[in-house]
Amino acid sequence: MNKLKLSSFVLLFIMVVMVVSFPLIALKNNKLNIIKKQFIGEVSEYNGVIEVWNIDTFEGGTSSKTKYLETIGLEFSKMYKGLYVLVSSYTPDEANALISAGKTPHVVSYGVGSLPLCTEQLIELDSNKNIIDKNILKCGIKENKQLALGYMKGGYVLVSTKHKLEMARKNLSLKLSNILYSCSYTKQLKKSTKNIKSLVYGNSKYLLPEISIINNGKINIKELHPKYITQTNYEAFNEFILNNAVILLGNQKDVVRMENLVRGGKVCDVKYEFLSGANPLVQYVSVFKNTDIITKYSKLFAEFLLSPFAQKKLKDISMFSVTYNKLYDDGVFADMEKAVSNSFTNINVFSSIKEIEDIKKNCYLD
């Protein structure tokens, strides 16, 4: 009898220990899984490469968008063991030629007008409510489907210097946007004269710098640097630095260039006017159709570009977030961020080159 009681007691004790221990073991295992996921990453269902193409139509800030995507891709790979992100750079012409030949990436990063013909090959994405400028969402819609999400922004700026404005005999307190077409003058050289134009900017068939200043009236071609249609942003910046124009219509890259010159003691008394009007300098992301498993992780990567981690990393390349209005605490980029956060996007990313050309034409005086 005593042996039976003892056995029952031992059995009861074992049962109590098991009931108490199992949740603790489960909790411990759960914590271990969380730690593993955080520091090692979960095992990806897809062991392979996510191919990302970056198509540049406008400049980055201190670094390229491709390097930024590589940084984000590395972080994404840590989250999913066995998966890797490969980023490649292409011009719009190169990318469209490959797509026409049947070669497509899993994910594509691109700007306005660079990918107008392949929308039927893209999957629909979830509308991201974190994007502040809802026009960015609208500009990624084609045939009532959200086929693209904007994930980074640039911005336009008018730049001059105290010396340039004094040479043009302009009051330094005037807003640059109010004297865009009235700063031209003739400079006397030793044996000849030189015509200094009022405004210079870079252009391409994918860029629309004109719409950032159209609020100040249609553009007077006579007051522009003669290469206003054909020169790149970098060429326009050089013309400005070589004193062939008084005002530069530039972007975030030109602010980086100017600040570098200021730090090097080559330029002083810079005057910026950051523009808060129409701003088509938005980089979008889309996902191409593929197998279910590749599509799953491609879509996860596209969504990761809008994560707090990825958006805050934009500060490292002097670009601007679509989900945060305050990446920068002080300095010229904090001032530019205020203007960019008040700018709006009104050009659909899938616009054709013909549509972009028509918009440009409407910006100029006849």
Side-chain angles (χ1 to χ4, degrees), residues 53-60 65 89-100 108-122 133 135-143 145-157 180 199-221 224-236 249-254 275-286 322 340 343-366:
W53 288 4
N54 182 58
I55 304 172
D56 265 331
T57 53
F58 65 94
E59 296 172 297
K65 302 187 201 78
S89 295
Y90 292 99
T91 66
D93 290 342
E94 289 170 341
N96 282 293
L98 286 170
I99 291 169
S100 297
V108 61
S109 158
Y110 59 108
V112 170
S114 58
L115 249 151
L117 301 176
C118 64
T119 53
E120 73 283 351
Q121 296 175 266
L122 304 177
D133 181 0
N135 286 310
I136 290 179
L137 285 173
K138 291 178 184 177
C139 290
I141 293 175
K142 183 76 171 181
E143 297 176 354
K145 294 180 180 179
Q146 190 78 56
L147 299 181
L149 292 172
Y151 72 92
M152 82 164 69
K153 293 171 74 173
Y156 280 112
V157 57
L180 283 176
L199 178 66
V200 64
Y201 57 84
N203 220 322
S204 81
K205 60 184 177 181
Y206 305 105
L207 290 176
L208 284 145
E210 297 89 350
I211 66 171
S212 68
I213 53 174
I214 195 64
N215 289 342
N216 298 91
K218 288 201 171 186
I219 298 167
N220 186 347
I221 294 175
L224 297 182
H225 185 277
K227 295 180 182 177
Y228 70 96
I229 286 293
T230 59
Q231 66 192 349
T232 65
N233 277 358
Y234 184 67
E235 289 169 339
L249 170 59
N251 58 35
Q252 65 289 331
K253 184 67 172 184
D254 297 300
L275 301 177
S276 57
N279 178 15
L281 297 181
V282 178
Q283 192 79 354
Y284 292 81
V285 63
S286 290
V322 299
V340 170
S343 66
F344 58 91
T345 301
N346 60 355
I347 307 295
N348 191 285
V349 69
F350 300 111
S351 298
S352 67
I353 298 302
K354 175 65 169 58
E355 289 170 325
I356 293 173
E357 286 175 352
D358 289 342
I359 294 169
K360 285 177 179 284
K361 288 176 183 176
N362 290 330
C363 291
Y364 294 102
L365 288 171
D366 296 331

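Here the structure is a predicted model, which is why all the values come from computation and not from measurement.
Of the possible donor and acceptor atoms, one in the side chain of Asn96 sits under 3.5 Å from a partner among the backbone N and O of Ser114. Glu357 contributes no side-chain N or O that, together with a main-chain N or O of Lys205, makes up a donor-acceptor pair within less than 3.5 Å. Between the Gln283 side chain and the Gly154 main chain, no donor and acceptor come within less than 3.5 Å of each other. Although no hydrogens or angles enter the test, the distance criterion places a donor-acceptor pair under 3.5 Å between the side chain of Lys218 and the main chain of Asn362. Judged purely by atom type and a 3.5 angstrom limit, Asp254 uses its side chain to pair as donor or acceptor with the backbone of Asn251. At least one donor-acceptor pair under 3.5 Å links the side chain of Ser286 to the backbone N or O of Leu147. Side chain of Lys138 to backbone of Thr345: no donor-acceptor contact under 3.5 angstrom is found. Side-chain atoms of Glu210 never come within 3.5 Å of backbone atoms of Ser212 as a donor-acceptor pair (strictly under, hydrogens ignored). The backbone N or O of Phe350 lies less than 3.5 Å from no partner atom in the side chain of Lys142, so there is not a single donor-acceptor pair.
A donor-acceptor pair shorter than 3.5 Å cannot be found between the side chains of Tyr156 and Ser343.
In this structure, Ile347 and Tyr284 approach most closely via the heavy-atom pair O-OH, 4.4 Å. When all heavy atoms of Gly113 and Ile356 are compared, the pair lying nearest together is CA-CD1, 3.8 Å.
More than 12 heavy-atom neighbours from other residues, nucleotides or ligands sit within 6.0 angstrom of CD on Glu120. More than 12 heavy atoms of other residues, nucleotides or ligands shown are found within 6.0 angstrom of CZ on Phe344.
Both cation-pi conditions hold for Lys65 and Phe58: the charged atom is under 6.0 angstrom from the six-membered ring centre and inside a 45 degree cone around its axis.
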